[in-house]
Amino acid sequence: MIYVIGGPTGSGKTSLAIALAKLWQAPIINADAFQMYQELNIGTNKELAILKPFKPYLYDQLSPTQSLSVAMYQKEFRSLIETLIPKHPKIIMVGGTGLYMKASLYDFEFAPQEVSIDLTKFDTFDNTKLHAHLASLDLEASQKIHVQNRRRVLRAIAIHQTTGKTKSDQEKAQKKALLYPATFIGILPQRDFLYQQLDQRVDAMFKQGLLDEVKTLVKKYGDKLLAFQAIGYKETIAYLKGKTTLDEAIQLIKQSTKRYAKRQITYFRHQLPMKWYGSGKEAFEDLTT
RNA sequence: GGAGGCUUAGCGAAGCGGCCAAACGCAGCUGACUGUAAAUCAGUUCCUUCGGGUUCGGUGGUUCGAAUCCACCAGCCUCCA
């Protein structure tokens, strides 16, 4: 059985995972996209010191120069889980990236290899024209994707170009079924409380030296990494470039963090069959009695 | 003490007699999500029993009709003393 622990950032998922892992002697698999990166420690709230001893999988193992993706995560997760299931009756999966969980646990199928295709010819298309082009290829997908969501429109076009099949057909071939026995546990503290915790956490990150961490990373790798899409990093980099004051950067990080938490709540609520608890403690008690 | 300017929804800011419950931006709230997901995108935000009801610093006035014009009051700003 895979115990999937989800919920917004700062809700106490990690502590619950550790408590359960100790009790059950269960392995932990990380499902937090940015915590897969090495060297992004403070800003991704990694809690290395307490989590590392449990040797979590898919965690702190990727060079910041690499670009991760759902497909890549899914692939690694699937091969990993095959080796873990025979040995462990209970497995814990924790993280905040709902899509990675869903894509791994359900029968999502991605094209085997992402052929690098040239999409630059669409640069001259405005959003409306691009969307119309998708409609001519895959009407169904075009109806689901908003005109302004250029990234998704482009992706749907890319799927057609690389596989010759439409995105809708690719998805229709899936049963949307769970591949492994899993139970979904969601932690959702009271909103005001959560937001307050998140604000405090941002202040704490700066006290722990986020600024130095970012400076070191930028010095080492430049400032263009995909990994720097992470909240806390992109704002700090903007500050280092003189685009904002430190104070503004901190405010922006707090704001983005709270927005992010809200998006996570929405995703887990509507995309996965969570059983919700107000805190990790409540979940722990319910699961262990 | 004198001269002028300003006051619009949570904030910033348009509007300058009817087409104004009031553009737009921000923030907030809600949602979408199948290879960038800590990303990308959308909807919505005075109250409402959806008939309507109360708004544009305050009070009074002009007008068929006022956020828009007039008077007085209050607060803020600039300049002169």
Side-chain angles (χ1 to χ4, degrees), chain A residues 6 8-10 30-37 40 42-46 62 66-77 95-117 119 127 130-131 138 140-141 143-163 165-177 191-192 195 198 201-202 205 210 224-237 248 251-272:
Chain A
T9 184
N30 166 253
D32 211 304
F34 284 81
Q35 291 191 359
M36 289 182 78
Y37 284 117
L40 307 222
I42 298 171
T44 59
N45 191 44
K46 244 191 233 157
L62 219 61
Q66 288 181 268
S67 301
L68 49 80
S69 72
V70 211
M72 189 179 129
Y73 179 89
Q74 182 204 49
K75 195 174 161 220
E76 292 207 29
F77 176 87
T97 311
L99 175 67
Y100 282 20
M101 292 173 166
K102 195 173 178 183
S104 304
L105 266 10
Y106 289 81
D107 64 336
F108 279 27
E109 291 291 339
F110 298 108
Q113 190 102 63
E114 180 77 321
V115 186
S116 67
I117 49 155
L119 290 171
N127 288 170
L130 191 71
H131 190 79
D138 183 354
E140 214 178 316
Q143 285 164 344
K144 278 194 213 160
I145 305 172
H146 189 96
V147 203
Q148 306 294 352
N149 204 340
R150 186 168 250 266
R151 183 178 290 180
R152 295 253 172 90
V153 174
L154 237 24
R155 169 97 269 264
I157 293 171
I159 289 173
H160 181 83
Q161 281 200 2
T162 55
T163 66
K165 280 190 284 184
T166 65
K167 179 171 184 287
S168 333
D169 285 345
Q170 188 186 85
E171 282 176 38
K172 260 182 245 162
Q174 301 161 193
K175 293 188 210 113
K176 302 191 191 301
R191 186 77 62 92
D192 292 351
Y195 280 7
L198 292 175
R201 195 176 80 184
V202 173
M205 282 175 180
L210 180 59
K224 300 268 186 301
L225 303 183
L226 182 77
F228 291 150
Q229 281 190 146
I231 294 168
Y233 294 86
K234 55 182 170 217
E235 296 86 351
T236 304
I237 287 171
E248 282 165 350
Q251 288 315 311
L252 278 173
I253 293 170
K254 288 180 176 174
Q255 185 181 82
S256 315
T257 304
K258 287 179 276 194
R259 283 177 165 173
Y260 167 52
K262 172 58 175 90
R263 262 179 283 128
Q264 288 178 302
I265 293 169
T266 303
Y267 192 95
F268 284 115
R269 260 192 194 145
H270 301 280
Q271 300 291 327
L272 292 168

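The structure presented is a predicted model; accordingly, all values stated were derived computationally and were not measured. In what follows, chains carry the letters A, B, and so on, assigned in the order in which the sequence lines appear, proteins first and then strands, with residues in each chain numbered from 1.
In this structure, a donor-acceptor pair under 3.5 Å is present between the side chains of A/T266 and A/K262.
Rounded to whole Å, atom P of B/C29 lies 5 Å from atom OH of A/Y195. Nucleotide B/A32 holds its C1' atom 13 Å from the CG atom of A/L99, rounded to whole Å. Note: NZ (A/K167) to P (B/C33) measures 9 Å, nearest angstrom.
Across every strand in view, B/A27 sits in a pair with B/U45 that passes the Watson-Crick or G-U test at under 3.5 angstrom. If you check B/U54 for Watson-Crick or wobble pairing at under 3.5 angstrom, you find it has no partner at all. Nucleotide B/A74 has B/U7 as its partner under the Watson-Crick or G-U criteria, with both atom distances under 3.5 Å.
Interface remark: the A/Q174 side chain does form a donor-acceptor pair with the B/U34 base, using a distance-only criterion of under 3.5 Å. For A/R151 against B/A37, a side-chain-to-base donor-acceptor contact under 3.5 Å is absent.
Where A/K258 and A/F268 each meet RNA chain B at their nearest nucleotide, the meeting point lying more 5' is that of A/K258. Along RNA chain B, the nucleotide closest to A/Q170 and the one closest to A/S256 are compared, and the more 5′ of them pairs with A/Q170.
The backbone N or O of A/D32 lies less than 3.5 Å from no partner atom in the side chain of A/Y100, so there is not a single donor-acceptor pair.
In the set B/C41, B/A39, B/G31, the nucleotide with an atom closest to the side chain of A/H146 is B/C41.
When heavy atoms are screened at a 4.0 angstrom cut-off, A/K144 is found touching no nucleic acid atom at all.
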